[in-house]
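Following: one structure in structure tokens, then a few remarks.
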Amino acid sequence: MEILQIVGLGLIGATLTLVVKPKSPQIAFLLSVLVGIFIFLFLLDKISAVFAILQQLAEQAHVNPVFLSTILKIIGIAYIAEFGASIVRDAGEDSIAQKVELAGKVLILVLAVPIIQAILQTILQVLP
Amino acid sequence: MKLFGSICLFLACTGYGLIRARYYRERPRQLQQLRLALQGLETEIEYAQTPLPVAFVRIASRINGPVAGLCAFVGSELAESSRAVDEIFKTAFTKFDQQLYLTKEDREVICLLAATLGISDRKDQLKHLKLASSNLHQLEQRAAEDRTRLEKMWNYLGPLLGALIVVLLY
Amino acid sequence: MIGSDSIDIVFQVAGIGVLVAAISAIFKSVDKDEFANWTTLAGVIIILFIIVNKVGELFAEIRQVFLIH
């Protein structure tokens, strides 16, 4: 039951953050970042397992490996941008958080351009 | 093993804090003793006109603490050697360095006084004695102020610092 | 898996936070505000060191998992 561990870590982290916060808000913020990092590290193990299966499926279906790696990168960028933005938002810097999210969106778009190109080319080939 | 080391570190830091606190606790008291000694010297010179060596030994028997040891040492040195009074005080300060919780400023006041002792007439010496006494009084008041603030601070700071280092290394 | 070392680090950081806050409160109570500020700053830097290590670990793992080289 790993969810229990996660919830326990979150509860303990939240309690400790509450204890430290009135005395020194900076350290409380760092503490919450640390808890977030640990939870994310834990999740990464699970995500990598899922990705391994996805890769296996892609190989069986003979999908171009470039596409798969691009999609994985896009998912990764989405997760990382979300994580970073939420941390920055915790610190009370909403404007910077919005910029981080914007950067994530733009980078995803950049990565998606080759795929869009390939789709368009396929469509043009199919069309007479 | 780790626990043992942590406990040692914590106790050492606590002890250091207590020692620093004792410095602030003892300094006003020793300054007061020193001032009492100077007053005693004043009476000896003004009314009894005792020679300095005898006067110092007599004062030493009247007060207590490390200052008494200082006075006794100065008295016996004065009787035996023919060095100047301020030199003898300097050697006495280095000898009793460990027991005296006095700052450089406090010692300077005494050394300045010692330089005038025994080389001029009675009136002049008494004037200098009074000056040194009032200087010491000022220093004493400041030391008492420091004591109320810093003694408590070091008492808490020692254990806290120890705990911090333990947590950092754990 | 969340190892026991991770909860240890969380507790360590919380302990440092509490102690640093207490020390700076003591300094502040004896009118040594600059020392109080330095203590807080030192505490934040120490914790930042711990966290930067962990962030580096996290980013390395992210790169590995999401095939970003």
Side-chain angles (χ1 to χ4, degrees), chain A residues 2-10 12-52 55 65 68-80 83-84 87 107 111, chain C:
Chain A
E2 281 133 341
I3 185 66
L4 287 182
Q5 286 181 326
I6 298 259
V7 171
L9 186 70
I12 291 171
T15 316
L16 291 177
T17 311
L18 275 182
V19 170
V20 179
K21 187 162 264 173
K23 286 161 190 158
S24 58
Q26 307 102 320
I27 292 177
F29 164 66
L30 291 178
L31 195 61
S32 66
V33 171
L34 194 67
V35 174
I37 287 170
F38 279 128
I39 292 176
F40 207 79
L41 268 174
F42 167 78
L43 287 179
L44 271 180
D45 281 359
K46 306 289 155 198
I47 292 174
S48 72
V50 173
F51 279 3
Q55 244 168 338
L68 183 72
S69 81
T70 311
I71 290 173
L72 291 191
K73 275 183 198 170
I74 287 173
I75 298 173
I77 287 173
Y79 279 144
I80 297 166
F83 176 71
I87 284 177
L107 286 177
L111 278 180
Chain C
M1 283 298 288
I2 294 186
S4 65
D5 61 324
S6 63
I7 199 80
D8 278 355
I9 291 176
V10 169
F11 276 125
Q12 189 183 26
V13 167
I16 294 171
V18 170
L19 288 171
V20 163
I23 289 175
S24 82
I26 285 173
F27 274 131
K28 210 165 269 173
S29 76
V30 295
D31 294 336
K32 289 203 186 277
D33 281 16
E34 73 273 18
F35 276 120
N37 291 338
W38 282 116
T39 323
T40 317
L41 190 63
V44 170
I45 289 172
I46 289 168
I47 293 173
L48 213 53
F49 263 109
I50 298 173
I51 288 196
V52 162
N53 272 331
K54 284 290 144 195
V55 170
E57 214 172 280
L58 175 73
F59 283 178
E61 197 141 332
I62 283 174
R63 276 191 188 185
Q64 202 194 334
V65 169
F66 292 103
L67 306 170
I68 303 171
H69 296 294

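Lettering follows sequence order; numbering is per chain, from 1.
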Can you name the salt bridge (charged side-chain N to carboxylate O under 4.0 Å, His left out) partners of C/Lys32, sequence neighbours left out?
-> none

Toward chain C, the part of A/Ile75 with a non-hydrogen atom under 4.5 Å | both

Over all atoms of both residues, closest heavy-atom pair of A/Phe83 and C/Leu58 = CE2-CD2, 3.7 Å

Report the residues that fulfil side chain to side chain contact (heavy atoms under 4.5 Å, CB included) with C/Val10, sequence neighbours left out, ordered by chain and then residue number.
-> A/Leu9, A/Leu16, A/Leu31, A/Leu34, A/Val35, A/Phe38

When rounded to the nearest 0.5 Å, the distance separating CD1 of A/Ile27 from CG of C/Leu19 is 10.0 Å

Of all the heavy-atom pairs spanning C/Ile62 and A/Leu44, show the shortest one and how long it is.
-> CG1-CD1, 3.5 Å

When rounded to the nearest 0.5 angstrom, what is the spacing between NZ in C/Lys54 and CG in A/Leu30?
-> 15.0 Å

Atom group of A/Phe40 that falls short of 4.5 Å from chain C, counting heavy atoms | both

Partner residues of A/Phe29 under the ring-ring contact (aromatic ring centres under 6.0 Å, His included) criterion, sequence neighbours left out | none

In terms of heavy-atom pairs under 4.5 Å with chain C, which of A/Ile47, A/Leu41, A/Ile74 leads?
-> A/Leu41

Flag side-chain contact, heavy atom, 4.5 Å: A/Gln26 against C/Leu41 = no

Heavy atoms of C/Ile51 and A/Val33 approach each other most closely as CG2-CG1, 4.2 Å

If contact means a heavy atom pair closer than 4.5 Å, which residues of residues 20-29 of chain C contact chain A?
-> C/Val20, C/Ala21

dist C/Phe59:CZ -> A/Ile37:CD1 (nearest 0.5 Å) comes out at 8.0 Å

Please report the shortest heavy-atom distance between A/Ser24 and C/Thr40, naming the atom on each side.
-> CB-CG2, 4.5 Å

